[in-house]
Amino acid sequence: MMVVSYRIGGQAPHLPWFLRRLAAQGLAAAPEGGQPGRLPADWAGLEFADCWLDLGRDGDQALAERAARCRDAGLSFVELAGGWAPAGAEFGFILLVGDPPPPGTAARLALDALAPQPGCWLSSGPVHSARFCQRAFDGLMHAGLASMPEPDSQPRALEWEAILQKQWMLAGKLRQLAEAYLTERVGLLPPYSAPLPETAAHYAANLARTIMLALPDNLDWAALQNELAAHLQSRDDARK
């Protein structure tokens with residue numbers, strides 16, 4: 001059984017689920033009273049001998065400050081993001097990983113133990129990429145769920161105009177999110193010259209580029225809505 005050290009942050013209710021998962025997978029926690037950690041006690045995550053596995057859910061600036069603090073302390077920094085739930089303690093967590101640790105390290109073994117199966121986690125790119133992917137996935141899922149009203153027992157007409165307006169608003173937010181990631185974290189916006197720049201050759205950058213190309217900002221959504229409304233009206237008139 002491997003020994004790891006850890007601390008539970010005061011505002012991190014998900015940490016006990018992670019620790020139970022690690023223990024169930026044979027990664028025991030270091031006993032209390034051992035050597036104190038080198039990082040602030042209120043950070044949420046797992047501290048290994050040469051790495052900090054960050055499980056915080058605060059802002060991007062705080063994440064960047066923790067990463068810089070770890071670099072100054074000679075520790076590598078790994079960002080984790082995902083929609084974590086208590087069931088992960090038994091079945092494993094869906095993990096998005098920014099700047100994953102190399103194979104053979106204690107932190108890499110911990111990632112494999114936390115996931116449903118070894119290696120079943122997403123290497124999203126450098127630090128900040130995991131959070132971007134989580135936000136993009138959450139936005140896409142919300143767009144899918146919001147596209148149709150909640151079912152009930154009453155038949156009703158589909159309010160397609162309101163649905164389209166909501167979808168187009170979400171599309172605009174997703175594009176802004178993607179553009180901000182590429183501008184702030186990659187420093188490049190598509191289209192890119194061939195071959196693909198190295199700074200843009202990671203999963204999160206590819207996801208952001210795909211969103212931008214699929215949702216161009218010069219599309220006149222209002223004109224499209226009017227065109228669709230006119231088409232539906234002409235179709236209804238032809239049926240009369």
Side-chain angles (χ1 to χ4, degrees), residues 4-19 21-22 29-30 32 34-84 88 93-102 105-111 114-115 121-139 173-174 176-189 197-208 211:
V4 298
S5 58
Y6 69 90
R7 293 185 309 278
I8 299 179
Q11 300 298 319
H14 52 281
L15 271 182
W17 311 334
F18 277 72
L19 299 173
R21 176 66 180 176
L22 287 174
E32 294 187 13
Q35 187 174 1
R38 291 164 286 178
L39 300 171
D42 60 347
W43 285 15
L46 301 171
E47 182 179 349
F48 299 85
D50 58 353
C51 178
W52 172 257
L53 200 64
D54 193 79
L55 297 170
R57 283 182 156 173
D58 46 12
D60 291 344
Q61 181 59 37
L63 180 72
E65 291 173 357
R66 289 197 298 275
R69 176 78 174 267
C70 285
R71 286 193 298 269
D72 292 342
L75 297 173
S76 60
F77 184 91
V78 179
E79 173 200 14
L80 260 65
W84 304 321
F93 299 92
I94 295 176
L95 300 176
L96 310 173
V97 185
D99 201 9
T105 60
R108 183 68 167 250
L109 293 176
L111 287 182
L114 290 169
W121 43 269
L122 177 64
S123 177
S124 56
V127 174
H128 290 283
S129 64
R131 290 186 175 199
F132 164 74
C133 287
Q134 181 188 3
R135 292 163 182 164
F137 293 156
D138 287 347
K173 296 294 185 182
L174 273 172
Q176 292 174 14
L177 178 69
E179 184 174 2
Y181 179 78
L182 292 175
T183 301
E184 298 170 9
R185 308 301 172 190
V186 178
L188 293 169
L189 292 175
E198 184 177 353
T199 55
H202 61 269
Y203 183 92
N206 288 333
L207 176 61
I211 291 173

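Fair warning: this is a prediction, and the values are worked out from it, not measured in the lab.
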Original post:
What heavy-atom pair brings A204 and Y181 nearest, and what distance separates the two atoms?
Top reply: CB-OH, 3.6 Å
Original post:
Minimum heavy-atom separation for L39 to C70, with atom names?
Top reply: CD1-SG, 3.9 Å
**OP:** Decide yes or no on side chain to side chain contact (heavy atoms under 4.5 Å, CB included) for L177 and I211, but give the supporting numbers first.
**Re:** CA-CA 9 Å; L177 178 69; I211 291 173; over 6 Å; no
**OP:** Working to the nearest 0.5 Å, report the span between CZ of R71 and CZ of R66.
**Re:** 12.5 Å
Subject >> Straight-line distance of W43 CH2 to R69 CZ, nearest 0.5 Å >> reply: 5.5 Å
Original post:
Looking only at heavy atoms, what is the nearest atom pair of A81 and Q134, with distance?
Top reply: CB-OE1, 3.3 Å
Subject >> Test item: L207 and F137 side chains (from C-beta on) under 4.5 Å apart, heavy atoms >> reply: yes
**OP:** Evaluate the ring planes of F18 and W84, with Trp represented by its six-membered ring, and classify them as parallel (under 30°), tilted (30 to 60°) or perpendicular (over 60°).
**Re:** perpendicular
**OP:** Rounded to the nearest 0.5 Å, what's the gap from CH2 on W121 to CZ on R108? Could you check?
**Re:** 4.0 Å
Subject >> SB check D72 R38 (cutoff 4.0 Å) >> reply: no
Original post:
How many angstroms lie between CG in L63 and CZ in F77, if you round to the nearest 0.5 Å?
Top reply: 4.5 Å
Subject >> Interatomic spacing from CD in E79 to CG in L95 - rounded to 0.5 Å >> reply: 12.0 Å
**OP:** Begin from the C-alpha positions of V97 and L80 and carry the test side chain to side chain contact (heavy atoms under 4.5 Å, CB included) through to its verdict.
**Re:** CA-CA 5 Å; V97 185; L80 260 65; 4.2 Å; yes
**OP:** Check the pair L188 / L182 against side chain to side chain contact (heavy atoms under 4.5 Å, CB included), numbers first and verdict last.
**Re:** CA-CA 6 Å; L188 293 169; L182 292 175; over 6 Å; no
**OP:** Using modelled atom types only, decide if a donor and an acceptor are shared between the side chain of S129 and the backbone of A205 within a distance under 3.5 Å.
**Re:** no
Original post:
Ignoring hydrogens and geometry, is there a side-chain-to-backbone donor-acceptor pair from R135 to L174 under 3.5 Å?
Top reply: no
Original post:
Is the shortest heavy-atom distance from the side chain of E179 to the side chain of Q176 under 4.5 Å?
Top reply: no
**OP:** For Y203 and C133, work out which heavy atoms get closest and say how close.
**Re:** CD2-SG, 3.8 Å
Original post:
Is the number of heavy atoms from other residues, nucleotides or ligands under 6.0 Å of I94 CD1 greater than 12?
Top reply: no
Original post:
Do side-chain atoms of R185 reach the backbone of V127 as a donor and acceptor pair under 3.5 angstrom?
Top reply: no
Original post:
Which atoms form the tightest heavy-atom contact between A208 and F132, and what is the distance?
Top reply: CB-CZ, 3.6 Å
Subject >> Donor-acceptor contact present, side-chain H14 to main-chain L55, <3.5 Å >> reply: yes
Subject >> Test log, rule side chain to side chain contact (heavy atoms under 4.5 Å, CB included), inputs H202 and V186 >> reply: CA-CA 10 Å; H202 61 269; V186 178; 4.0 Å; yes
Original post:
Tell me, do F48 and P101 make a side-chain contact under 4.5 Å, heavy atoms counted?
Top reply: no
**OP:** Indicate the atoms forming the closest heavy-atom contact of A130 with G98, along with that distance.
**Re:** CB-N, 3.8 Å
